[in-house]
Amino acid sequence: GQQLNQSPQSMFIQEGEDVSMNCTSSSIFNTWLWYKQDPGEGPVLLIALYKAGELTSNGRLTAQFGITRKDSFLNISASIPSDVGIYFCAGQLSGGSQGNLIFGKGTKLSVKP
Amino acid sequence: NAGVTQTPKFRVLKTGQSMTLLCAQDMNHEYMYWYRQDPGMGLRLIHYSVGEGTTAKGEVPDGYNVSRLKKQNFLLGLESAAPSQTSVYFCASSIWVYEQYFGPGTRLTVT
């Protein structure tokens, strides 16, 4: 099936540092979403992007829909301990089946106080 | 507003046993989904529903059945559990396909 390549797989950073992660694909997407999952919980929607080139912020989080529609980026500024978790990108393929989101394998973020 | 709830939270089955996972949402969402999450595999779609009385197959439907008799409920059934179905199962719902809201998950172990 279609794949989203999410990188990096894991990050271990110092509190206060900025974080960048991305998702890429060889296919074109109509929509990109970013989720965060805390241990033992379900994913929580952070940001949704609907247009190529779109840049959207949610507090310290900023995400962008790549201009080629094949990638998306998530940045977290001034990280804090509660940012720890797994971040997933997800996308709706152009021409894909209704109801089908494709998920990346996640970026595990650890923050050292 | 409870959002999306899942029952049970944990379950252990023996190979060959059957069970049903219940998902309920109180947001009047049309779309509902069942995913499984395995280590290193991300979330994979099992089945989904675009409205009451409808269901469709996702990426990994084999060994599972679903029913959506009421708009607010989406049931996932395992007729004959196998160890390969050991996983964490998540239900999600959405007004339309993109912004999906997830439940807390059901951790299933098949021995």
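Each chain gets a letter, A, B and so on, in the order its sequence line appears, and its residues count up from 1. In this text, all values refer to a predicted model and were calculated from it rather than measured experimentally.
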*At a heavy-atom separation under 4.5 Å, does A/Gln9 approach chain B through its side chain, its backbone, both, or neither?*
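Neither part.
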
*Could you tell me which non-hydrogen atom of B/Glu99 sits nearest to which non-hydrogen atom of A/Leu33, and how far apart they are?*
CA-CD2, 4.0 Å

Counting only heavy atoms not in [X], do more than 12 sit closer than 6.0 Å to its [atom1] atom?
| X | atom1 | result |
| --- | --- | --- |
| B/Arg44 | CZ | yes |
| B/Gln17 | CD | yes |
| A/Lys108 | NZ | no |

_At a 4.5 Å cut-off on heavy atoms, which part of B/Gln37 comes close to chain A: side chain, backbone, both, or neither?_
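Looking at B/Gln37, just its side chain touches chain A.
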
Honestly curious: do [X] and [Y] fall in one hydrophobic cluster under the side-chain, below-4.5 Å linking rule?
| X | Y | value |
| --- | --- | --- |
| A/Trp34 | A/Leu109 | yes |
| A/Leu49 | A/Phe73 | no |
| A/Tyr35 | B/Met32 | no |

*Take A/Val44 and B/Phe102, measure what side chain to side chain contact (heavy atoms under 4.5 Å, CB included) needs, and give me the verdict at the end.*
CA-CA 7 Å; A/Val44 174; B/Phe102 285 80; over 6 Å; no

*Are A/Gln37 and B/Phe90 close enough that some pair of their side-chain heavy atoms sits under 4.5 Å apart?*
yes

*Donor-acceptor under 3.5 Å (B/Tyr33 side chain, A/Leu101 main chain)*: no

*Starting at CD of B/Gln100, measure out to CZ of A/Phe103 and round the result to the nearest 0.5 Å.*
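Reported to 0.5 Å precision, the distance equals 5.5 Å.
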
